[in-house]
Colleague: 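Quick one: the structure is below, questions incoming.
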Amino acid sequence: MSAQTRDKSAETKAYLISVGGVDIDESVLGRITTPASGPGAGLTSFFLRFDGHRVRLGVKHSSRLKASFEGDEVVIRDRDKEIVRGYLEDAIAHCPEQAYITVSEVCIFDCQFCPVPRLGGTVKDRKDVESAIERILGDPKLTGKLKAIALTSGIEESAQAEVERIAAIVSALKAKYDLPVGVSVYPTQSSTRMLKDAGADEIKYNVETMDRQIFKKMCPGLSLEFILRALKNAVAVFGRNKVFSNLIVGLGEDDESIINGLEELTSIGVIPMLRAAVEHPLRAQAGMRRPDPERLLRLARKERELLDKHGLRADVAQTMCAPCTGCDLVPHRDV
Ligand code: SF4
């Protein structure tokens, strides 16, 4: 694919992410996914593959984008203009090629962009997680497709209790399956060491925003400086290209704040995942704004520049969002 075609298809992906939802007949989607964690939790979505990219799109019947089938292909049109054609991709558990499992679908914190505390989900134990993996491995339609396991979690009782529970699950999974395991949790003083000792391969502690004022407003009770110290320590323990952090675009910050945040994270060896804010119906008061495609592309290209400057690669990750790419423009993969 020429650089020009690649740029054009990245622009298409940026546009699809920025609109976020597509009007499509859910009955033909097959294995759809309703994420249990993160800003899109509780919203139905599906995965589309096109021109070497993958994108996760919400099902939204009021969207300006309409999808229809032509044979095996899905064609997405904006009013009557064709935007893209591609193929549906099945999610295994939450996303393609991974079992990405939310252990505690509840949270004692109340980050203003996150619907999880308002969804009243369930809490899984080790057996629940193992049964989910066994079901996937026993499904003949998924033979050979499972490449990684990822665990994420809200906080049921305390951050430390959550980390201890996840570490025990990671240990059990690593003893049973020859698959890389990634973990995304809120850090504690001992979480990095515990999760590494349990056998986790990659780790994610989300900063959510690097704008200190917005962080205070959006994440009451959490500490950005503590998360940053934990990220730095995680790079020392897990190594470069193995530590990730979500940075949301659209919480009211400006580009300068994002770019400074990207520099701060990449300079300590962390790979940021730039995530478009989701205007979730359960968080209508939070004042989030889905970024436009030009902003998404501009910031993703800037991130690539900074990763290159600091000798980091986003395309060697094995677990979680960097190899999935469904929600983001991932440097070295999409741009
Ligand atoms: S990019 Fe991350 S949050 Fe989005 S679908 Fe993939 S694994 Fe889930």
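Worth knowing before you read on, the calculation uses all heavy atoms, side chains too, and leaves out hydrogens, waters and symmetry mates. Computed from a predicted model, the values in this text were never measured in an experiment.
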Colleague: What are the two closest non-hydrogen atoms of A314 and V330, and how far apart are they?
Modeller: CB-CG1, 4.0 Å
Colleague: Does the pair R77 and S68 meet the rule for a side-chain contact (heavy atoms from CB on, under 4.5 Å), with working shown?
Modeller: CA-CA 8 Å; R77 294 187 172 86; S68 56; 3.5 Å; yes
Colleague: Ignoring hydrogens, what is the shortest heavy-atom contact between R275 and C321? Give both atom names and the distance.
Modeller: NH2-SG, 3.3 Å
Colleague: If the plane angle is over 60° it's perpendicular, under 30° parallel, otherwise tilted; pick one for Y100 and H94.
Modeller: perpendicular
Colleague: Cluster question for you: counting only ILVMFWY and a side-chain heavy-atom cut-off of under 4.5 Å, with indirect links fine, are V237 and V181 together?
Modeller: yes
Colleague: Say whether, by atom type as modelled, one donor and one acceptor occur between the side chain of S257 and the main chain of E253 under 3.5 angstrom.
Modeller: no
Colleague: Passes side-chain contact (heavy atoms from CB on, under 4.5 Å), F215 versus S223? Steps please.
Modeller: CA-CA 8 Å; F215 186 94; S223 164; 5.6 Å; no
Colleague: I would like to know whether E225 and K232 meet salt bridge (charged side-chain N to carboxylate O under 4.0 Å, His left out); could you show each step before the answer?
Modeller: CA-CA 11 Å; E225 299 315 316; K232 199 169 181 186; over 6 Å; no
Colleague: In Å and rounded to the nearest 0.5 Å, what is the NZ to CG distance from K176 to L137?
Modeller: 9.5 Å
Colleague: Test your reading of the model: is there a side-chain donor-acceptor pair from R290 to the backbone of I17, 3.5 Å cut-off?
Modeller: yes
Colleague: In plain terms, say whether R295 and D255 are close enough for a salt bridge, that is, a side-chain N and a carboxylate O under 4.0 Å apart.
Modeller: yes
Colleague: Would V129 and L173 satisfy side-chain contact (heavy atoms from CB on, under 4.5 Å), going step by step from the backbone distance to the final call?
Modeller: CA-CA 9 Å; V129 174; L173 293 175; 4.1 Å; yes
Colleague: Considering non-hydrogen atoms only, spot the tightest contact between T266 and L306 and give its length.
Modeller: OG1-CB, 3.9 Å
Colleague: With the threshold set at 4.0 Å, does a side-chain nitrogen-carboxylate oxygen contact exist between K174 and E130?
Modeller: no
Colleague: Decide salt bridge (charged side-chain N to carboxylate O under 4.0 Å, His left out) for R54 and E97; before the verdict, give the C-alpha distance in whole Å, the side-chain angles of both, and the deciding distance to 0.1 Å.
Modeller: CA-CA 12 Å; R54 172 188 288 147; E97 300 176 314; 3.2 Å; yes
Colleague: Please tell me whether D78 and Y15 have a donor and an acceptor in their side chains that are separated by less than 3.5 angstrom.
Modeller: yes
Colleague: Of all the heavy-atom pairs spanning T325 and R333, show the shortest one and how long it is.
Modeller: CG2-CD, 3.4 Å
Colleague: Would you say Q4 has more than 12 foreign heavy atoms packed within less than 6.0 Å of its CD?
Modeller: no
Colleague: Please find the pair of heavy atoms, one from D201 and one from P180, that lie closest to each other, and give the distance.
Modeller: OD2-CA, 3.3 Å
Colleague: Let me confirm one number: the CD-OG distance from E202 to S184, rounded to the nearest 0.5 Å.
Modeller: 12.0 Å
Colleague: Is it the case that the side chains of E162 and S104 hold a donor-acceptor pair, with the cut-off being a distance below 3.5 Å and no angle test?
Modeller: yes
Colleague: When Ile, Leu, Val, Met, Phe, Trp and Tyr are grouped by side-chain heavy atoms lying under 4.5 Å apart, directly or through other members, which residues fall in the same group as V123?
Modeller: V106
Colleague: Under 4.5 Å between side-chain heavy atoms, counting indirect links through other Ile/Leu/Val/Met/Phe/Trp/Tyr residues: same cluster for V75 and F47 or not?
Modeller: no
Colleague: For R301, is there an ion pair with E294 - N to carboxylate O distance below 4.0 angstrom?
Modeller: no
Colleague: Out of D334, D328, D51, which one pairs with K13 under the side-chain hydrogen bond (donor to acceptor under 3.5 Å, both in side chains) rule?
Modeller: D334
Colleague: Are E305 and K309 within salt-bridge range, i.e. N to O under 4.0 Å?
Modeller: no
Colleague: Taking V207 as the fixed residue, which of V270, L231, N246, I248 is the one that meets the side-chain contact (heavy atoms from CB on, under 4.5 Å) rule?
Modeller: L231
Colleague: Do side-chain atoms of D23 reach the backbone of L65 as a donor and acceptor pair under 3.5 angstrom?
Modeller: no
Colleague: Any chance you could measure M288, atom CE, to F113, atom CZ, to the nearest 0.5 Å?
Modeller: 8.0 Å
Colleague: Can you check whether E208's main-chain N or O pairs, donor with acceptor, with N206's side chain at less than 3.5 Å?
Modeller: no
Colleague: Working to the nearest 0.5 Å, report the span between OG of S18 and CG of L16.
Modeller: 8.5 Å
Colleague: Checking Y177 against E134: is there a side-chain donor and acceptor pair closer than 3.5 Å?
Modeller: yes
Colleague: Using the rule that two of Ile, Leu, Val, Met, Phe, Trp, Tyr join whenever any of their side-chain heavy atoms come within less than 4.5 Å, decide whether Y87 and V84 are in one cluster.
Modeller: no
Colleague: How would you list all residue pairs meeting ring-ring contact (aromatic ring centres under 6.0 Å, His included) that involve residues 50-72, not counting sequence neighbours?
Modeller: F50-H53
Colleague: Would you find a donor on one side and an acceptor on the other, under 3.5 Å apart, between the side chain of S191 and the backbone of T188?
Modeller: yes
Colleague: Does any part of the side chain of R79, heavy atoms only, come nearer than 4.5 Å to the side chain of K66, both counted from C-beta?
Modeller: no
Colleague: May I ask whether F226 and M210 are part of the same hydrophobic cluster, defined by side-chain heavy atoms of I, L, V, M, F, W, Y residues being less than 4.5 angstrom apart, directly or through others?
Modeller: yes
Colleague: Would you compute the distance between atom CZ of F244 and atom OH of Y205 and round it to the nearest 0.5 angstrom?
Modeller: 13.5 Å
Colleague: Could you go through the side-chain contact (heavy atoms from CB on, under 4.5 Å) check for I76 and R85 one step at a time?
Modeller: CA-CA 6 Å; I76 297 182; R85 41 181 73 219; over 6 Å; no
Colleague: Quick check: closest heavy atoms across V103 and S153, and the distance to 0.1 Å?
Modeller: CB-OG, 3.8 Å
Colleague: Any donor-acceptor pair under 3.5 Å linking the side chain of S63 with the backbone of V59?
Modeller: no
Colleague: Before you tell me yes or no, could you show the steps for D139 and R135 under salt bridge (charged side-chain N to carboxylate O under 4.0 Å, His left out), namely the whole-Å CA-CA distance, both residues' side-chain angles and the distance that decides it to 0.1 Å?
Modeller: CA-CA 6 Å; D139 183 339; R135 270 198 303 279; over 6 Å; no
Colleague: Using a 4.5 Å cut-off on heavy atoms from C-beta on, say whether the side chain of R193 contacts that of D197.
Modeller: yes
Colleague: Applying salt bridge (charged side-chain N to carboxylate O under 4.0 Å, His left out) to D315 and R313, what does each step give before you reach the verdict?
Modeller: CA-CA 6 Å; D315 55 351; R313 294 291 310 186; 2.7 Å; yes
Colleague: Please say whether more than 12 non-hydrogen atoms of neighbouring residues, nucleotides or ligands are located less than 6.0 Å from CG in D254.
Modeller: yes
Colleague: May I ask you to test the I101-T152 pair for a side-chain heavy-atom distance under 4.5 Å?
Modeller: no
Colleague: Answer yes or no: is there a donor N or O on one side and an acceptor on the other, between the side chain of K124 and the main chain of T102, under 3.5 Å?
Modeller: yes
Colleague: Within the side chain of Q112, is there an N or O that forms a donor-acceptor pair under 3.5 Å with the backbone of D110?
Modeller: yes
